[in-house]
Peer 1: 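One structure coming up, written as structure tokens, with questions to follow.
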Amino acid sequence: MKKFLVTFVLSYNGKYYHEDQVGLDVYADDMDDLAMNLKHDIDMPDESISDRIKRVVKENIGGLQFDTYTPISIGQYNEDGDAMVVRNIKTLEEW
């Protein structure tokens, strides 16, 4: 299984908070598996991706209201532990 860094932009009532982005580590076998996990809100831990985003926002950007999150970039970790961007995306359908 590979470790990906997925960066999400948050929005509320159709207005995106481009300055407020959340990055989550998500494990998947490949990019297709990652897309499926994101589409179905599945994650390996006991928390869903949306629950993890809510928790991270509450802990780090307290008080921010959002009703939608959208993945905007995918990074894949290399052997040095650095995430290298492998794809910038507008919608999951681009995959």
Side-chain angles (χ1 to χ4, degrees):
M1 218 171 251
K2 298 176 185 175
K3 181 176 166 182
F4 296 91
L5 174 62
V6 182
T7 303
F8 300 89
V9 65
L10 307 174
S11 65
Y12 183 70
N13 274 347
K15 180 183 177 213
Y16 285 95
Y17 301 124
H18 290 287
E19 66 279 0
D20 291 315
Q21 299 177 1
V22 175
L24 294 180
D25 291 336
V26 180
Y27 291 88
D29 292 327
D30 53 32
M31 292 295 272
D32 290 334
D33 187 38
L34 178 64
M36 191 270 308
N37 289 350
L38 294 173
K39 285 180 185 177
H40 297 287
D41 196 19
I42 299 169
D43 208 352
M44 294 302 292
D46 293 335
E47 254 179 326
S48 68
I49 291 171
S50 57
D51 288 341
R52 289 177 62 198
I53 290 172
K54 290 174 190 171
R55 181 175 49 79
V56 169
V57 168
K58 183 177 179 181
E59 291 172 357
N60 298 295
I61 319 173
L64 179 69
Q65 282 190 313
F66 70 99
D67 55 11
T68 307
Y69 58 89
T70 305
I72 57 171
S73 72
I74 307 296
Q76 188 170 353
Y77 286 93
N78 62 22
E79 58 277 353
D80 296 331
D82 298 322
M84 306 295 289
V85 174
V86 292
R87 183 167 294 169
N88 289 309
I89 56 176
K90 294 180 184 154
T91 65
L92 289 177
E93 285 71 34
E94 289 182 356
W95 294 15

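These numbers come from a predicted model, not from an experiment.
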Peer 1: Residues two or more places apart in sequence or in another chain: which of them pass side-chain hydrogen bond (donor to acceptor under 3.5 Å, both in side chains) with N37?
Peer 2: none
Peer 1: Please determine whether residues I61 and V56 belong to a single hydrophobic cluster, defined as Ile, Leu, Val, Met, Phe, Trp and Tyr linked transitively by side-chain heavy-atom distances below 4.5 Å.
Peer 2: yes
Peer 1: Find out if a path of hydrophobic residues (ILVMFWY) with successive side-chain heavy-atom gaps under 4.5 Å connects L24 to V86.
Peer 2: yes
Peer 1: Once you round to the nearest 0.5 Å, how far does CD1 of I42 lie from CD1 of I49?
Peer 2: 8.0 Å
Peer 1: How far does CZ of R55 sit from CG of N60, to the nearest 0.5 angstrom?
Peer 2: 9.0 Å
Peer 1: Kindly determine whether L38 and F8 satisfy side-chain contact (heavy atoms from CB on, under 4.5 Å), including the steps that lead there.
Peer 2: CA-CA 11 Å; L38 294 173; F8 300 89; 3.8 Å; yes
Peer 1: Compare all side-chain heavy atoms of Y69 with those of V57 and state whether any distance is below 4.5 angstrom.
Peer 2: no
Peer 1: Show me the pairs that pass salt bridge (charged side-chain N to carboxylate O under 4.0 Å, His left out) and involve residues 65-85, at least two apart or across chains.
Peer 2: none
Peer 1: Mark yes or no for whether D41, through its side chain, and S50, through its backbone, hold a donor-acceptor pair below 3.5 Å.
Peer 2: yes
Peer 1: Write down the atom of Q65, the atom of Y12, and the distance for their closest heavy-atom approach.
Peer 2: O-CB, 3.5 Å
Peer 1: If you measure from CD1 on I74 to CG on L34, what distance do you get to the nearest 0.5 Å?
Peer 2: 5.0 Å
Peer 1: Are more than 12 heavy atoms from other residues, nucleotides or ligands located less than 6.0 Å from atom OH of Y17?
Peer 2: yes
Peer 1: Let me confirm one number: the CG-CZ distance from D25 to R52, rounded to the nearest 0.5 Å.
Peer 2: 6.5 Å
Peer 1: Membership question, hydrophobic clusters at under 4.5 Å side-chain separation (ILVMFWY): are M31 and L5 in the same one?
Peer 2: no
Peer 1: Kindly give the heavy-atom pair with the smallest separation between Q21 and T7, and that separation in Å.
Peer 2: OE1-CG2, 3.6 Å
Peer 1: Taking it one step at a time, do Y77 and K2 satisfy side-chain contact (heavy atoms from CB on, under 4.5 Å)?
Peer 2: CA-CA 8 Å; Y77 286 93; K2 298 176 185 175; over 6 Å; no
Peer 1: Around atom CE of M84, are there more than 12 heavy atoms of other residues, nucleotides or ligands at under 6.0 Å?
Peer 2: no
Peer 1: Would D43 and D51 count as a side-chain contact (heavy atoms from CB on, under 4.5 Å) if you check the C-alpha gap in whole Å, the side-chain angles of each, and the deciding distance to 0.1 Å?
Peer 2: CA-CA 10 Å; D43 208 352; D51 288 341; over 6 Å; no
Peer 1: Using a cut-off of 6.0 Å, state whether more than 12 heavy atoms not belonging to K3 lie near its atom NZ.
Peer 2: yes
